[in-house]
Amino acid sequence: MRKDLLSDLNPQQQKAIKHADGPLLVLAGAGSGKTKVITHRFAFLTTEQNVPPSSILAMTFTNKAAEEMKARIQKLLGKDTAGLWVSTFHSFCCRILRKEIASLGFQNNFCIYDKDDSSKVIRSILKEFKIHEALYKGISSKLSSLKASLIAPEHLIARDDSYGFDEKFARVYVKYQDDLRRNNALDFDDLIMFTVKLFDEHPGVLKKYQTEFPHIMIDEFQDTNNAQYRLAKLMAAGRKNICVVGDDDQSIYKFRGADVRNILAFEKDFPKTKVIRLEQNYRSTQNILDAAGGVIEQNNSRMPKKLWTNNGNGEKVFHCTTNSEREEAAYIARTINELYLKGRHSYGDFTILYRLNQQSMVLEEALKANGLPYHIVGGISFYQRKEIKDIISYLKLIINPDDSVSLRRIINSPPRGIGSTTIAKIENEAVKKDISLFKAMQHIVISSGYPPAFKEKIKGFVSTIEELSGSKDMELSEFLWLILESTGYMKWIGEERSENLMELVNSSDEMDINRLIDTAALFSPMDESDKASSISLMTLHCAKGLEFPVVFIAGIEEGLMPHFHAVKSSEELQEERRLFYVGITRAKEMLFLTGAKKRRFYASVQEQQPSRFLKEMPSGCYHCIEKRPRTSMITSEVKLPASLLNKTPFVTGVRVRHPKWGVGVVRDSYGETDDVKVMVNFPSVGVKRLSLKFAQLQKI
DNA sequence: AAACTAAAGCTTTTT
DNA sequence: GCTTTAGTTT
């Protein structure tokens, strides 16, 4: 078994895996087999050190990463992973709090508010405090960063300088936390902050979990915020068997509270930390690594590392400047098409990365114009769709009737004649009695003195929810049907959207109501299964952790990459450089950097300069193309349209039938009249090169 | 309570 | 430029 786990690993990776006890910091460069180290270390601990799998706590940031880790561990162990504690920070905290939150004064049926829900709470507070409502965005991010720094409202008020925030803001924070408590709700940041609070205030509970998890592993450690690191330190305080894996060069979420300094602090916080560097890259060619290295070396506050590979030099990196963003998009689409027709790549091998979401539009148009299939990664997720959120809100309200945000969401969906004036009246009652909206409605129903029409409307909604509550123990998919039908929601939402609802009902098989609610809350757009058969479009941020044979990065211009908001401060400029570095290191075989001389921004057209980052790449590793030649970018040979070279009917796009392989589509044809070769993609066997003289091809 | 018009926005976003 | 939201009308 030992041989199996260590055999295909390099010496540094082996060292990391064999280091079982004491603090371990693995600095894992891009593409250096980081996940492999974590999963193999997990397996090594259980098989060689007799650590029970259920007593290793492994934490990551995304559900997707957690799922992948679980799947790979399962494969290594050959055992079911159902009981493992391999999860995101947030779902780990959720799991703890569902058991322990009573000691913090919440009920364990608390619900989780996403950004949308919590904005609603903030905005209604701003309205109440007569603060301009449009400020909610800034306020919500301030709240989030305070919580990420573990500063609760009481701390804010206690300090004289209030951490630089004014008194008005402190009052908003206090009210916000009060409202959440009244709704029996926690936001994302609360999940972490309250778990830390729980451990701080109840040493016995902490001790219990410290004993339960003698080993801790954390992935993407450079992305931890203050609160998450604090949580990790608490959990590891006893035995100090903590292994963190990360790459300071890939820290790109500072704006969300991530703090790279946690990597530097780790060695101080855990004396005698073993530091291991993984510098062998298994993903990219040397040219791509040289480009990446040249850029990232310009950052001054980083832990020195140099990636190398055995993969060979490969193609040079291409840089192409076009006149406009439309030409840039057209160039990318055409290049993808040319590469695809060569037959070595499928559409799923390509990705186009960009700094801003708004860049995707023109790219999409160009891909559509060329008939190329694509999908956008990280848009809105299944669980963020209106109809799905609505139905989840019904479930949330049924489980936790104090959840006033969910109540507001569905009280008039489908329409029940309950508009803003009616809600205001209910709210009035709720504030007066200091109870939740639903309780206020229940109260209105049984009290006298309200107009009968008003009371009827309220009664209708209350009894709908109460009746549904009575059936909540039935099978989940049946229960969902009951809600959709009895409320008239299905009829109201229309055919197109009801398809998504059907999908939800179907996917809810063997799930229980609480799990569905938590899954929906802790799910992200990036978790959705990747459609491997089409071109991926996404922001550079979304690309972290992924890899593609052919990568395009669009908009390598000053003002975009680096973004003009970031050029003022050196700190932010370095983060932009890391973002570019992350983009470059996604590429396995080929990397295309493109930019435009002129670009539309909102209403106006701006003159653009090439990005300063381009000059930082060693000149030997990239090729500059000012004007797009009509020939292929990849080979120097002149490539005329296939239809001119040979006069066969088998031109690109034609459907053909082969006696053995069935129906396929011609991707390319070349050669002289008597020796024409065609490249055909058969769905069953893939791309085949065929000589027309011999292959019995039939046009259909 | 829905439907309109005016105006203000506008980086990235693992949960 | 276009989408989101605030405030107005009907």
Side-chain angles (χ1 to χ4, degrees), chain A residues 59-67 87-94 112-119 123 126-127 132-138 140-141 144-145 147-148 186-193 219-225 227-228 250-258 353-362 377-381 383-384 412 415-424 457 518-528 538-546 555 559-567 572 575-576 578-580 582-583 600-605:
Chain A
M59 289 195 283
T60 64
F61 282 84
T62 66
N63 295 304
K64 197 176 167 183
E67 289 308 315
S87 67
T88 64
F89 273 94
H90 290 83
S91 64
F92 168 73
C93 290
C94 183
I112 300 165
Y113 278 3
D114 64 15
K115 230 180 143 86
D116 219 49
D117 300 325
S118 73
S119 311
R123 294 174 68 163
L126 296 183
K127 210 180 249 169
H132 192 36
E133 225 178 304
L135 294 171
Y136 82 93
K137 269 189 185 160
S140 95
S141 79
S144 178
S145 59
K147 290 182 176 188
L186 270 65
D187 67 21
F188 287 145
D189 300 303
D190 286 338
L191 289 172
I192 316 286
M193 186 168 80
D219 191 13
E220 305 280 14
F221 187 66
Q222 76 283 354
D223 290 339
T224 50
N225 65 29
Q228 287 156 339
Q250 292 185 69
S251 164
I252 55 173
Y253 282 109
K254 191 181 173 203
F255 68 95
R256 287 196 64 130
L353 309 178
Y354 38 81
R355 178 68 236 262
L356 303 182
N357 282 308
Q358 46 159 11
Q359 287 173 259
S360 74
M361 248 233 269
V362 63
V377 178
I380 64 160
S381 82
Y383 291 105
Q384 283 175 308
N412 211 29
R416 298 182 173 91
I418 304 177
S420 53
T421 38
T422 313
I423 294 173
K457 282 192 284 190
D518 283 347
T519 305
L522 300 176
F523 200 83
S524 100
M526 286 165 66
D527 295 329
E528 263 148 305
M538 68 191 97
T539 64
L540 286 159
H541 283 90
C542 280
K544 204 180 82 174
L546 306 178
L560 255 188
M561 184 78 260
H563 190 270
F564 62 87
H565 279 178
V567 296
E572 288 190 70
E575 177 124 338
E576 294 290 300
R578 290 192 287 267
L579 189 56
F580 187 41
V582 165
R600 260 191 117 77
F601 272 111
Y602 309 118
S604 61
V605 175

For [X] and [N], what is the distance between atoms [atom1] and [atom2] respectively, to the nearest whole Å?
X	N	atom1	atom2	value
A:Q359	B:dT11	CD	C1'	10 Å
A:K254	B:dT13	NZ	C1'	16 Å
A:N357	C:dT3	CG	P	15 Å
A:R123	B:dG9	CZ	C1'	13 Å
A:I423	B:dA1	CD1	C1'	11 Å
A:M361	C:dG1	CE	C1'	9 Å
A:Q358	B:dG9	CD	C1'	13 Å
A:K137	C:dT4	NZ	P	10 Å

Geometric class of the A:F564/A:F601 ring pair [parallel <30°, tilted 30-60°, perpendicular >60°]: perpendicular
Parallel, tilted or perpendicular, as decided by the 30° and 60° cut-offs, for the rings of A:H541 and A:Y253: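 Ring orientation of A:Y253 relative to A:H541: tilted.
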Residue whose nearest DNA chain B nucleotide is more 5′ - A:F61 or A:E572: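 The residue whose closest nucleotide sits nearer the 5' end is A:E572.
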Of A:G417 and A:F564, the one whose closest DNA chain B nucleotide lies more 5': A:G417
SB check A:E575 A:R578 (cutoff 4.0 Å): yes
Residue-phosphate contact under 4.0 Å: A:T539 side-chain N/O, B:dT13 OP1/OP2: yes
Separation of A:T422 OG1 from A:K457 NZ (nearest 0.5 Å): 3.5 Å
Answer with base, sugar-phosphate or nothing: what part of the nucleic acid does [X] contact at a heavy-atom distance below 4.0 Å?
X	value
A:L353	nothing
A:Q228	nothing
A:R600	sugar-phosphate

Taking the side chain of [X] as heavy atoms from C-beta outward, which of [options] is closest to it?
X	options	value
A:D223	B:dT13, B:dT14, B:dT11	B:dT14
A:T422	B:dT13, B:dA1, B:dT12	B:dA1
A:Y136	C:dT5, B:dA2, B:dT11	C:dT5

Pair assignment for B:dA7, Watson-Crick or G-U wobble, requiring both distances under 3.5 Å: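 WC or wobble partner is C:dT4.
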Ring-on-base stacking B:dT12 with A:F255 (under 5.5 Å, under 30°): yes
Centroid under 5.5 Å and tilt under 30°, A:H563 to B:dT11: yes
Whole-angstrom distance between C:dT3 and B:dT12, as gauged at atom P: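 It works out to 16 Å between them.
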Nearest-angstrom distance, P atom, C:dT4 to B:dT11: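 That atom pair is separated by 15 Å.
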ring-ring contact (aromatic ring centres under 6.0 Å, His included) between A:H565 and A:F255, worked out: CA-CA 12 Å; A:H565 279 178; A:F255 68 95; over 10 Å; no
Sub-4.5 Å side-chain heavy-atom contact between A:L522 and A:L191: yes
